[in-house]
Colleague: 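Mind looking over this structure? Questions follow.
Counting from 1, the numbers follow the sequence of the chain as shown. Quick note: numbers below take in every heavy atom, side chains included, and nothing from hydrogens, waters or symmetry partners.
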Amino acid sequence: MLPNRVLSCFVVYSALLIVKMYVVAIITGQVRLRKKAFANPEDAVRHGGLQYQRKDEDVERCRRAHRNDMENILPFLFLGAVYCMLEPSLMAAHAHFLVFFLGRLLHTVAYLGKLRAPIRSVAYSIAQLPCFSMAVQILVAALSS
């Protein structure tokens with residue numbers, strides 16, 4: 001279906017990352033319901049009253065994890081798509097995509113699971129390595145053409 005194996009690999013990891021983001025969004029909603037902590041008055045009223053329009057630390061933690069995903073996964077989607085255009089080897093591309101995916105997955109588990117420091121920071125840093133690598137390769141290719 002897709003024109004090459006590198007692009008297919010990228011599409012698979014991109015889809016997995018987006019599904020992961022949706023799962024975090026669903027978890028956030030479930031925590032809101034369980035903790036009765038709603039951002040909007042109409043939601044609070046529907047679930048018991050305006051006293052439930054409030055912030056909750058667990059809900060905020062989920063929101064921060066989701067925001068961190070958006071701040072990191074969206075650039076990956078751009079970098080990965082352009083990187084595929086450079087026609088890297090399948091093994092190199094797969095390594096970049098896999099390391100990013102596993103780093104982001106561990107980051108989410110560490111964030112939502114409140115794992116001890118520095119697990120989340122290490123996971124974040126590991127996921128940044130393939131993005132930095134792809135960005136450098138893209139810049140080199142663009143500046144040398």
Side-chain angles (χ1 to χ4, degrees), residues 1-86 88 90-142:
M1 176 178 133
L2 294 172
N4 65 58
R5 294 178 67 194
V6 170
L7 184 59
S8 293
C9 184
F10 172 68
V11 168
V12 167
Y13 282 106
S14 295
L16 288 171
L17 288 162
I18 291 169
V19 167
K20 187 192 82 59
M21 288 176 67
Y22 281 133
V23 168
V24 172
I26 291 166
I27 290 169
T28 303
Q30 293 302 308
V31 172
R32 272 194 191 286
L33 288 170
R34 183 172 42 85
K35 300 295 283 276
K36 289 192 145 209
F38 302 99
N40 301 305
E42 63 273 16
D43 298 328
V45 167
R46 181 169 186 250
H47 293 281
L50 284 176
Q51 71 270 25
Y52 297 118
Q53 183 185 0
R54 60 189 177 85
K55 288 191 175 193
D56 176 85
E57 183 51 37
D58 291 331
V59 172
E60 293 305 308
R61 175 176 288 276
C62 293
R63 292 182 69 226
R64 288 191 303 271
H66 187 72
R67 185 176 58 237
N68 192 280
D69 270 350
M70 290 187 294
E71 292 169 354
N72 290 277
I73 292 173
L74 294 177
F76 167 81
L77 296 175
F78 170 79
L79 291 171
V82 176
Y83 178 69
C84 287
M85 294 178 202
L86 301 180
L90 178 59
M91 190 159 69
H94 186 259
H96 280 80
F97 306 151
L98 177 64
V99 168
F100 182 80
F101 174 74
L102 293 176
R104 292 309 305 172
L105 189 61
L106 178 58
H107 182 271
T108 298
V109 169
Y111 218 141
L112 297 182
K114 302 177 186 177
L115 302 184
R116 65 177 170 75
I119 296 170
R120 189 178 80 238
S121 298
V122 169
Y124 172 87
S125 298
I126 288 169
Q128 292 310 300
L129 293 173
C131 289
F132 182 76
S133 172
M134 289 187 295
V136 167
Q137 291 177 67
I138 290 166
L139 286 169
V140 168

Colleague: Could you list the residues that satisfy side-chain hydrogen bond (donor to acceptor under 3.5 Å, both in side chains) with Tyr13, not counting sequence neighbours?
Modeller: His94
Colleague: Working to the nearest 0.5 Å, report the span between CD1 of Ile138 and CG of Leu86.
Modeller: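 Reported to 0.5 Å precision, the distance equals 6.0 Å.
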Colleague: Which residue pairs satisfy the side chain to side chain donor-acceptor pair (under 3.5 Å) criterion with at least one member in residues 33-46, sequence neighbours excluded?
Modeller: Lys35-Asp56, Lys35-Asp58, Asn40-Asp43
Colleague: Are the side chain of Asn68 and the backbone of Arg64 linked by a donor-acceptor contact shorter than 3.5 Å?
Modeller: no
Colleague: Check Met70 against Pro75 and note the closest heavy-atom contact, atom names and distance.
Modeller: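 That would be O-CD, 3.9 Å.
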Colleague: Is the shortest heavy-atom distance from the side chain of Leu33 to the side chain of Phe38 under 4.5 Å?
Modeller: yes
Colleague: Can you tell me how far the CZ atom of Arg32 sits from the SG atom of Cys62, to the nearest 0.5 Å?
Modeller: 9.0 Å
Colleague: To check you understand the geometry: which heavy-atom pair defines the closest contact between Gly80 and Met134, and what is its length?
Modeller: CA-SD, 3.9 Å
Colleague: Distance check, rounded to the nearest 0.5 Å: Ile26 atom CD1 versus Met21 atom CE?
Modeller: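 Atom-to-atom, Ile26:CD1 and Met21:CE are 12.5 Å apart.
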Colleague: For Ala44 versus Leu50, what's the shortest heavy-atom pair and its separation?
Modeller: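 Smallest interatomic distance, heavy atoms only, reads CB-CA, 4.2 Å.
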Colleague: Below 4.5 Å, heavy atoms only, C-beta onward: do Leu129 and Phe100 meet side chain to side chain?
Modeller: no
Colleague: Roughly how far, to the nearest 0.5 Å, is the CG atom of Asn4 from the CE atom of Met85?
Modeller: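 The CE atom of Met85 sits 11.0 Å away from the CG atom of Asn4.
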Colleague: Should Tyr52 and His47 be marked as a side-chain contact (heavy atoms from CB on, under 4.5 Å) after you check the CA-CA gap, both sets of side-chain angles, and the distance that decides it?
Modeller: CA-CA 8 Å; Tyr52 297 118; His47 293 281; 5.7 Å; no
Colleague: Give the minimum heavy-atom separation between Ala93 and Pro88, together with the two atoms involved.
Modeller: CB-CG, 4.0 Å
Colleague: Just verifying a value: how many Å separate Leu77 CG and Leu17 CG, rounded to the nearest 0.5 Å?
Modeller: 7.0 Å
Colleague: Within a reach of under 6.0 Å around CZ of Arg5, are more than 12 heavy atoms found that belong to other residues, nucleotides or ligands?
Modeller: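 Atom CZ in Arg5 is not packed in, count stays at 12 or less.
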Colleague: How are the rings of Tyr83 and Phe97 set to each other: parallel, tilted or perpendicular (split at 30° and 60°)?
Modeller: perpendicular
Colleague: State whether the side chain of Arg120 and the backbone N or O of Ala110 hold a donor-acceptor pair below 3.5 Å, judged by distance alone.
Modeller: no
Colleague: With a 4.0 Å cut-off, would you call Glu57 and Lys114 a salt bridge?
Modeller: no
Colleague: Go through the side-chain N and O atoms of Ser133 and His96 and say whether any donor and acceptor fall under 3.5 Å apart.
Modeller: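 Judged by distance alone, the side chains do pair up.
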Colleague: How many angstroms lie between CD1 in Ile73 and CD1 in Ile18, if you round to the nearest 0.5 Å?
Modeller: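 Here the interatomic distance stands at 8.0 Å.
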Colleague: State yes or no: are the ring centers of Phe10 and Phe76 separated by less than 6.0 Å?
Modeller: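 Yes, they do, as the ring centres are separated by less than 6.0 Å.
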Colleague: Determine whether Val31 and Thr28 make a side-chain contact, defined as any pair of heavy atoms from C-beta on separated by less than 4.5 Å.
Modeller: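 No. Closest side-chain heavy atoms not under 4.5 Å.
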Colleague: Should we count CZ of Arg61 as having more than 12 external heavy atoms under 6.0 Å?
Modeller: yes
Colleague: Would Ile27 and His66 count as a side-chain contact (heavy atoms from CB on, under 4.5 Å) if you check the C-alpha gap in whole Å, the side-chain angles of each, and the deciding distance to 0.1 Å?
Modeller: CA-CA 10 Å; Ile27 290 169; His66 187 72; over 6 Å; no
Colleague: Are Leu74 and Glu71 packed together at the side-chain level, in the sense that at least one heavy-atom pair is separated by less than 4.5 angstrom?
Modeller: no
Colleague: Using the rule given for side-chain contact (heavy atoms from CB on, under 4.5 Å), can you reason through Val24 versus Tyr111, listing the C-alpha separation, both sets of side-chain angles and the distance that settles it, and then say yes or no?
Modeller: CA-CA 11 Å; Val24 172; Tyr111 218 141; over 6 Å; no
Colleague: Can you name the nearest heavy-atom pair linking Ala37 to Val59, along with the distance?
Modeller: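 That would be CB-CG2, 4.2 Å.
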Colleague: Strictly by salt bridge (charged side-chain N to carboxylate O under 4.0 Å, His left out), give each pair with a member in residues 92-107 just once, sequence neighbours left out.
Modeller: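 Those involving residues 92-107 are Asp69-Arg104.
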